[in-house]
Every structure is written in structure tokens, then in C-alpha cells.
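Chain identifiers are assigned alphabetically (A, B, ...) following the order of the sequence lines, protein sequences preceding nucleic acid strands; residue numbering begins at 1 within each chain. Side chains are part of it too, since the values below use all heavy atoms of this structure and drop only hydrogens, waters and symmetry mates.
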Number of protein chains: 2
Amino acid sequence: MATPTTSASEPQERGASLSHRIYDQIREGIIRGHYPQGSRLAEQRLAQELDVSRVPLREAVPLLAVDGFVRTLPRRGAVVTTWTIDMAHELFDLRLCMEVGAARFAARQVGLGTSVAPLRVILDRSRDGVSTGDAYRIATDSTEFHEAVVALTGNSLMRSAMRSVTGRMMWLFYLTSDLNADDALDGHAELLRAIESGNERVAESVAYAHIERDRDESMRVLAAGPGLSLPHPAPPTIT
Amino acid sequence: MATPTTSASEPQERGASLSHRIYDQIREGIIRGHYPQGSRLAEQRLAQELDVSRVPLREAVPLLAVDGFVRTLPRRGAVVTTWTIDMAHELFDLRLCMEVGAARFAARQVGLGTSVAPLRVILDRSRDGVSTGDAYRIATDSTEFHEAVVALTGNSLMRSAMRSVTGRMMWLFYLTSDLNADDALDGHAELLRAIESGNERVAESVAYAHIERDRDESMRVLAAGPGLSLPHPAPPTIT
DNA sequence: AAACAGCAGGTTGTATACCGTTTGCGGCGT
DNA sequence: ACGCCGCAAACGGTATACAACCTGCTGTTT
């Protein structure tokens, strides 16, 4: 976004319309596992927990639904999405469509004179982030790198379309950040070089390989232990 | 009022949460040009025009913003998006990424036994629609065909991601429906055959060519007369 | 004892009211 | 005559209140 100064833990608390702020807040809560998968998000409880009225929530929750973080049932409200192996596969297939194309367009832009400096900046920041060991920070940085690749294409529509994807990506990154932190860093560096070369076919291929490698690692984690992100000792899991 | 069963203008689909209904209603109004490009959507006026309170609008408008139909300015409310040549190009570039990939996955599914019957159904309906000459109907059918291709992949995430794209596609189809109605029909038939063959490379290539042909036609129309969809005599175009 | 019905609690969906900010216009001063 | 200042109206942002619905429990009846 236009606010690259966001720190990982505290998102922009500026004038960005309360609805957007609590959107970010809830999203972070979901990703961090504070709102466990499958749990219900009761509006009143959320409202007094975040100290806002219910109306801003009414704007934020549908957006969370669009981005796949919750599912709204007719009269039951919103429940946090539960990850499945199939969902993860679908995500990687979609990434295959979008990011491979984005890498190609990005390489083309580089060939036309666009600088890859933004990628370097984020990659450097990612290195710092990995050393901190903060999973949320790592997931944020990793996601931002991919967003930066898309941004490099100069296609603002593609950027906004990616937003529906990057949210889920970040969530999955967080869930699997234990393993692929360093690998992802190398992969990003490799992708950066490929895009920098300006060779569309190379960028395309590297992006493809990178995503498939991601898929393999994520699948290994997901298949191993689906007991993910449950900091609370698994409250009764209200159906 | 608690019983909006009157619904005088449209026998809309029931049960779908007032917010969604007015989302569709406003979207159709924008596409049909009833709310001209660049015009402001004042909440109070909309509310009494659609005979709903402002709160459902507060849920619908952000979704329209996500889908690119309006732009919400900080304190100025929502204005209907104004099409530019660049935006159209960005849309086609994004379609290139997503639909080409979708065609590939769809062909793969066909190779695994999935039937292309849904495509045939919609294609047949499209033929009827073209004969009616109703631009909105034509745009709807054409969009639905592309959605059906994505649905054929079995990837529900890809379908929901396409939703951000199909809305804009439909709008642009409507604006340019005069020219490419029959061409689009032929193109869809060709794409259907390609997917039916189960050959991923063929499907991919046909999809690519189809989109680029679409781009050419749309660009011709957009470049010729940007005075699009202005049933009202172009109010002062408030900035 | 089991099953159905009625009641109570809670939650979402919808509507209305209030407040801060912005903006456009008009008057006044230079 | 031009520009600046101030006021008023409108718009969006937020909060509160009401109504309908679903759910779970309990009590009674068969």
C-alpha cells in the first residue's frame, strides 16, 4: 500500500477510517490465532472488546468475508474460516495464475526501465524480520514482497485483485512460518534477480517454481499437524 | 420498514439479505448508466431512492468500492468510477493472468472427467440473449460464460477472486456490447471446444487469443467515443 | 422415560438520532 | 474589484435503540 511504514505489530492507527482500522485489527487477531479457526465472532462481544460500536463492524465484517477470513451464515453471524488442505491447494493454484503473470509483467516493466529497488528494500527488511523470529512480522514481510512484485507491474487493478489473495497468503505464511522462513528469503532473492533480468520467461518460470516450492512446504506442515493456531486451549468450539 | 416484501420495481431474489439486494441494484444502475460515471452517490438520496435506511448502504457501498464500481473519498462519499483507457488495459492484463490460467485448469479438469455441459447451457442462453438485443442481458450472459469457465476448474477461491474482475468485465461488456456481441459468441464457442478437448496448451492459447481480441474491440470503442453511458445530459461532473 | 411444546436468552438485521467536519457562499475589508 | 474571513447547510461518520429470528433449556404430558 501507500503506507510502507507500517510496523508489524501496530498497523496504521492514523485517520484511516475506523472501519479499516478494526478490519486490520480483527484480521491480525485471526491470523495470530487470537480468534481461533471455527470460532464465532459475536458482534456485541467484538464491539466492546475493540471499544467501538457495532456499525463499523458491519462494514468490516463483510470485507473480511470477501477476503476469506470469515464466513457469514444467514442468521448465525460470522465464524472464522477453518483451513483445509483443499483450500490451501486452491490458494496455490490461484497464486500460480496471478503471480506468474505478475512476474512476467514485472519483468517487462523492468525491461522498460522500472527499477526493482522496492523489492530490494522489502527483501532487506525481511532479513531483519527473520532474525527477530516474530512469526507475524515474517509473514507480513513475506507477503509484502509478493505485493511489491505485483506493484512493480504498475497495474493497480492487479494490485487490488491480489489483496484478496495476499490476506490468505499471509495467514498461511503465519501458520507455516516455522519452516520456510529462510527458504522463502532465498526464493525471494532468486525471484528478484529473475525479474531484474528483464527476461519475462525466466521471471515466469522462477515464480512458478517458487510457488510450487511454497506449496510443498505448506502442505507438509498442514498435513502433519492440523491443530493450528490455538493459543487458547481450544474453547468448546461452538458450532 | 420491517417488511420490505413490496419490492415494487423488481421481483428480486428473495432471502438474500437486503444489503446484497441493494448491492445488485446499485451495480445494475451503474452499469446501465443510470448513475453516470463520475457522479456522486449521496447516501441519503440513495437511501430514499431505494427506500432503505442508510445502514444497509453502509454495507453495500464498500463492497462496490472493492469491486471497482465506485471510489470512496475520505469525506466526500462515493463517486462512480470513470473508465479510462488505462483502466481497461489493466483489466485485460489481469484477465490475461487469471482466465488463461483458469482455461488451463478447466481443460485439465475436463481431461479428468468433468463435463463441459455448464458451458453449453450458458452458451445456448447467450445465443437467445443476443437475438433480444438487450445490452444488459448480453453483458450478463457473456460474463456468466467466463464465470462458468472458472467454475469448471472446481476452484472456489478462484471463482470468488474472479468476482472482482467479472463485475468490471460486465460493465465494460455493456459499454461495448454494440460491436462484439456476435464475435464474442463465436469466441466463446471456440473456447468451449478448446476446453472440451482437454488439451491444456490449446485451451490456454485460445483463451489468450480470445482476450486479446476482446481488448482490441473494446479499445476501438473506448478510443472512438468516451462519451459513454450518459443517459442524463452529463451533469456538471462534480469533482 | 421420552418427546414435544413453550419460554427465555442471545444474536443479527434494520432504523433513527446525534456530532464533527467540510464546503460553498456571502459579506466585509483593503 | 479582488481577496479574505466567517457562517450556514449538507454530508459522512459514529452511536444508540428497536424488532425479528434462532437456539437452547426446561417443564409437562403421554
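Between the P atom of D:dC11 and the CG atom of B:L41 lies a distance of 13 Å, rounded to the nearest Å. Straight-line distance from the CZ atom of A:R54 to the C1' atom of C:dA15: 12 Å, rounded to whole Å. The separation between B:L18 atom CG and C:dT12 atom C1' is 14 Å, rounded to whole Å. Separating the CD atom of B:Q48 from the C1' atom of C:dT16 is a distance of 15 Å, rounded to the nearest angstrom. Between B:R58 atom CZ and C:dA15 atom C1' the separation is 14 Å, expressed in whole Å. Distance, A:E59 CD to C:dG13 P: 15 Å, rounded to whole Å. Across the protein-nucleic acid pair, A:Q44 atom CD and C:dG9 atom P stand 15 Å apart, rounded to whole Å. Spacing between atom CZ of B:R45 and atom C1' of D:dC11 amounts to 12 Å, rounded to whole angstrom units.
Taking the screw axis at each terminus of the helix from C:dA1-D:dT30 to C:dT30-D:dA1 from five consecutive base pairs, the angle between the two is 0° to within rounding of 10 degrees.
Residues satisfying the salt bridge (Lys or Arg N to Asp or Glu O under 4.0 Å) criterion with B:E90, sequence neighbours excluded, are absent altogether.
Few gaps surround CG on B:D128; more than 12 heavy atoms of other groups in view lie less than 6.0 Å from it.
The residues B:E144 and B:R125 are annotated as salt-bridged, a charged nitrogen and a carboxylate oxygen being separated by less than 4.0 angstrom. A salt bridge links B:D93 with B:R215: at least one charged nitrogen is closer than 4.0 Å to a carboxylate oxygen. Ion pair B:D141/B:R137 flagged as a salt bridge, since at least one NZ, NE, NH1 or NH2 atom sits closer than 4.0 Å to an Asp/Glu carboxylate oxygen. Of the charged side-chain nitrogens involved, none lies within less than 4.0 Å of a carboxylate oxygen, so that A:D67 and A:R168 do not count as a salt-bridged pair.
Cation-pi geometry between B:R32 and B:Y174 is not met at under 6.0 angstrom from the ring centre and within 45 degrees of the axis.
You'll find that the side chain of A:V55 is closest to D:dT14, out of D:dT14, C:dT16, D:dC11. Closest to the side chain of B:E43, out of C:dT14, C:dT11, D:dG12, is D:dG12.
Within residues 60-69 of chain A, no residue approaches DNA chain D, by heavy-atom distance under 4.0 Å.
Interatomic distance, B:M158 CE to A:L96 CG, rounded to the nearest 0.5 Å: 8.5 Å.
Judged purely by distance below 3.5 Å, without hydrogens or angles, the side chains of B:S19 and B:E59 pair a donor atom with an acceptor atom.
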